[in-house]
Structure formats: structure tokens, C-alpha cells
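Computation of the quantities below employed the complete heavy-atom set of this structure, encompassing side-chain atoms and omitting hydrogens, waters and symmetry-equivalent molecules. Order of listing sets the numbers, starting from 1, for every ligand and every atom in it.
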Amino acid sequence: MVAPGLRLGAERLFEMPAVLERLSRSNSTSQAFAEVLRLPKQQLRKLLYPLQEVERFLAPDRRQDLHLRIFDPSPEDIARADKVFTATEGNRIDYVSSAVRIDHAPDLFRPEVVCFIGRSNVGKSSLIKALFSLAPEVEVRVSKKPGHTKKMNFFKVGKHFTVVDMPGYGYRAPEDFVDMVETYLKERRNLKRTFLLVDSVVGIQKTDNIAIEMCEEFALPYVIVLTKIDKSSKGHLLKQVLQIQKFVNTKTQGCFPQLFPVSAVTFSGIHLLRCFIASVTGNLD
Ligand code: GDP
């Protein structure tokens with residue numbers, strides 16, 4: 001499932017210092033990413049490949065359970081994906097609109113769409129803000145007050161794809177979820193991938209299971225993103241990662257086998273997630 005042209009990632013990072021040297025001088029690498037590449041290697045790995053960082057603390061016989069390198073882009077690919085997420089005159093990244101019903105959703109000029117779903121408070125707005133940090137003008141709208149109608153928010157990423165931020169589900173928003181999210185997920189044909197956010201501190205909750213069942217029932221290709229990984233000790237994070245990975249391996253059909261751990265605070269995993277989005281929407285080919 002690796003996009004064509006993607007080469008091994010973390011290993012290259014450590015075996016080929018020249019790659020980093022070349023990249024940090026390359027014109028195709030943004031200033032921000034060039035700075036990232038100057039981090040000490042250990043820190044760089046933690047930032048770019050958090051799941052492989054977690055793997056280092058696993059007993060060898062448990063490592064085979066984790067799908068670590070299905071998507072394993074090189075630092076060059078990650079740099080290219082960062083460009084896709086960088087707002088420039090020729091690559092406008094904007095909030096487009098909000099909608100409460102699918103027939104109010106914008107008719108987007110590019111078919112590729114990725115959407116983000118998750119329980120309220122899972123860290124969805126923080127993650128979307130982190131993904132758009134290279135487009136500081138983008139305003140990620142949040143409506144959290146009880147009683148406020150929750151909306152789907154649409155963001156256009158240049159001519160590349162659209163990001164849809166779905167209303168959070170759970171305790172306060174079951175109706176929104178069924179009426180809006182379910183209808184959207186069922187009917188939107190140009191939906192390339194659904195990113196289902198799970199809080200890495202508490203693991204998969206009852207309401208997450210409802211969303212997982214829905215993705216499975218509609219045969220949607222989806223990915224589990226583990227949020228807030230900075231909040232846990234290494235031991236707790238390892239335990240959660242293994243539990244969730246086991247669930248994905250044994251109980252799901254449509255879920256991408258590799259987990260994507262992220263932190264909106266330390267930015268760990270954010271570059272890799274950008275790269276995965278760029279890849280599934282055909283922007284790294
Ligand atoms: P949403 O309801 O899913 O949009 O969640 P928010 O993005 O508003 O986050 C809910 C709470 O979790 C807020 O207090 C955030 O500051 C916090 N939060 C979100 N992401 C992270 C993260 O990666 N690390 C930490 N430590 N806190 C986070």
C-alpha cells in the first residue's frame with residue numbers, strides 16, 4: 001500500500017546523513033522543514049516517525065504485531081508533502097464554508113476529500129490546526145457550546161484536496177452525528193480517506209466503536225490516528241498502541257493496518273500524517 005516512489009523512511013534517516021545535508025540545502029525544502037532537519041537525530045526520529053520510536057521499547061517478539069512500515073516515506077517525501085500544506089500565492093489554503101446538511105456541502109472542484117471524525121475533546125481541532133500550521137491564515141472554527149449546531153467545516157488545500165472537519169460525536173452530539181456524519185460518509189463518493197481520531201490516553205471508547213462500526217459497514221477506507229501522545233508515559237503509550245493495534249488486526253477490515261500517533265503539542269507525527277494525506281490524495285506521485 002506504499003505509494004509508488006516512496007522509499008524507506010526512518011532507516012534512510014539514520015544511514016544516510018548526506019540525505020539530510022542535501023535536503024536541508026535543497027530549494028524544494030521549506031525553511032521550516034530545513035530547521036526540523038537540523039534537530040538531533042533522536043529527536044528527529046521521534047518527531048517524524050513516532051511509531052518507530054515506540055517500537056524501540058517493545059520486546060522483539062511483540063514487534064511483529066505492529067505494522068510499522070506499510071507507509072514509510074523518506075525524509076524527501078515528507079518534505080514534499082510539507083510543501084503541499086504550505087500556503088503560498090500559488091497554493092492557497094483556505095477555510096471554504098460550513099454546512100449542516102450534505103446538500104449544503106460545497107461542490108468542490110477537486111474530487112479528493114479527506115475527513116476527520118472523532119469524539120468531542122479527542123483533539124480534532126488541535127490536530128487540524130497543527131496540520132495547517134504552514135498556513136497560519138487558516139482559521140479552524142470550533143463550535144463547542146452545548147446547544148450550538150455543530151457543522152461540517154470545509155478547507156481547501158490548493159488544487160490538491162479538501163479537508164472536512166466533522167462535528168465531534170459522543171455524549172453531547174448523537175443526533176448531529178447520525179444525521180450529518182453518517183449521511184456524509186455514506187454518500188460522498190469522492191471521499192478518499194476517513195481519519196478516525198482516538199485519544200491515546202484512554203484508548204477506544206464505546207462511542208468510538210460506533211464510528212468504527214459505521215466505517216466498517218459502509219466499507220470506507222479509514223485510518224486510526226492516536227491523539228495526545230505527549231500526555232502518556234512511554235509504558236502507557238506502548239500498552240495503548242499494542243491494544244489498539246490488536247483491535248485493528250483482529251476486528252477490522254477497512255482500517256489501514258498502520259496506526260498514526262500524533263501530538264498537537266510536540267508536533268510528533270504531524271509531518272508523517274501530512275505525508276500520508278498527500279499520498280492518499282495522489283499528491284506524491
Ligand atoms: P476537539 O473537541 O476534538 O476539537 O478537541 P480539542 O482540539 O479542542 O482538544 C481538547 C482538549 O485536549 C484541549 O484542552 C486541548 O488543548 C487538548 N489537546 C488536544 N490535542 C492535544 C495534544 O496533542 N496534547 C495535549 N497534551 N493536549 C491536547
Side-chain angles (χ1 to χ4, degrees), residues 36 43 45-51 53-54 85 95 98-100 114-136 138-155 163-178 180-182 184-185 193-212 214-215 222-241 244 259-277:
V36 164
Q43 246 174 293
R45 168 151 73 182
K46 203 168 165 185
L47 181 72
L48 296 187
Y49 304 101
L51 196 57
E53 177 64 14
V54 167
F85 279 87
Y95 160 80
S98 298
V100 284
V114 293
C115 81
F116 287 79
I117 62 174
R119 271 185 313 114
S120 307
N121 234 32
V122 72
K124 186 158 56 62
S125 340
S126 306
L127 174 63
I128 294 175
K129 271 186 203 153
L131 289 171
F132 286 144
S133 69
L134 302 170
V138 173
E139 192 193 335
V140 179
R141 291 164 189 230
V142 198
S143 63
K144 286 193 174 157
K145 289 190 195 129
H148 268 225
T149 310
K150 297 199 169 84
K151 296 177 176 172
M152 300 182 271
N153 299 312
F154 297 83
F155 302 90
V163 169
V164 187
D165 171 19
M166 292 291 187
Y169 51 84
Y171 172 64
R172 282 203 192 112
E175 324 77 46
D176 291 335
F177 190 63
V178 173
M180 209 186 294
V181 180
E182 195 174 302
Y184 183 88
L185 293 181
R193 202 66 61 128
T194 297
F195 293 84
L196 197 155
L197 276 49
V198 171
D199 187 329
S200 69
V201 180
V202 295
I204 295 175
Q205 304 287 294
K206 252 190 205 157
T207 39
D208 296 322
N209 269 315
I210 297 172
I212 291 167
M214 197 181 63
C215 291
Y222 66 104
V223 186
I224 293 188
V225 176
L226 303 178
T227 62
K228 309 187 189 179
I229 59 165
D230 59 287
K231 281 181 90 174
S232 300
S233 66
K234 280 193 190 96
H236 183 72
L237 181 60
L238 262 178
K239 189 172 144 219
Q240 293 290 3
V241 163
I244 296 167
L259 303 173
F260 283 81
V262 294
S263 163
V265 172
T266 64
F267 259 62
S268 189
I270 298 294
H271 297 276
L272 189 67
L273 189 57
R274 281 185 191 140
C275 192
F276 186 68
I277 296 171

Next item on the list: For ligand 1, find out whether one of its N or O atoms is nearer than 3.5 Å to an N or O atom of S120.
Entry: no
Item checked: Polar atom proximity, N121 to ligand 1 (N or O, under 3.5 Å) -> yes
Next item on the list: Determine whether L131 and I270 make a side-chain contact, defined as any pair of heavy atoms from C-beta on separated by less than 4.5 Å.
Entry: yes
Check: Can you find a pair of side-chain heavy atoms, one from D230 and one from S268, that are under 4.5 Å apart?
Finding: no
Check: Side chain, backbone, both or neither: which part of K231 comes within less than 4.0 Å of ligand 1 when only heavy atoms are counted?
Finding: side chain
Note to self: Any heavy atom of D230 closer to ligand 1 than 4.0 angstrom?
What the structure shows: yes
Next item on the list: Give a yes or no on whether K46 atom NZ has more than 12 heavy-atom contacts from other residues, nucleotides or ligands under 6.0 Å away.
Entry: no
Next item on the list: State the atoms of ligand 1, each with its element, that fall below the 4.0 Å cut-off from a heavy-atom position in V265.
Entry: 22 (C), 23 (O), 24 (N), 25 (C), 26 (N)
Notebook entry, point to check: Would you say A264 has any N or O atom under 3.5 Å from an N or O of ligand 1, going by distance alone?
Noted result: yes
Next item on the list: Starting from the C-alpha separation in whole Å, work towards a yes-or-no answer on side chain to side chain donor-acceptor pair (under 3.5 Å) for T227 and R119.
Entry: CA-CA 11 Å; T227 62; R119 271 185 313 114; over 6 Å; no
Notebook entry, point to check: So is there a nitrogen or oxygen of I229 less than 3.5 Å from a nitrogen or oxygen in ligand 1?
Noted result: no
Checklist line | Worked verdict on L273 versus L127 for side-chain contact (heavy atoms from CB on, under 4.5 Å) | finding: CA-CA 10 Å; L273 189 57; L127 174 63; 4.0 Å; yes
Notebook entry, point to check: S263 near ligand 1, heavy-atom distance under 4.0 Å?
Noted result: yes
Next item on the list: Say whether G123, considering both its backbone and side-chain N or O atoms, lies within less than 3.5 Å of an N or O atom on ligand 1.
Entry: yes
Notebook entry, point to check: How are the rings of F195 and F116 set to each other: parallel, tilted or perpendicular (split at 30° and 60°)?
Noted result: parallel
Next item on the list: Could you check if a side-chain atom of P50 sits within less than 4.5 angstrom of a side-chain atom of V262, using non-hydrogen atoms only?
Entry: no
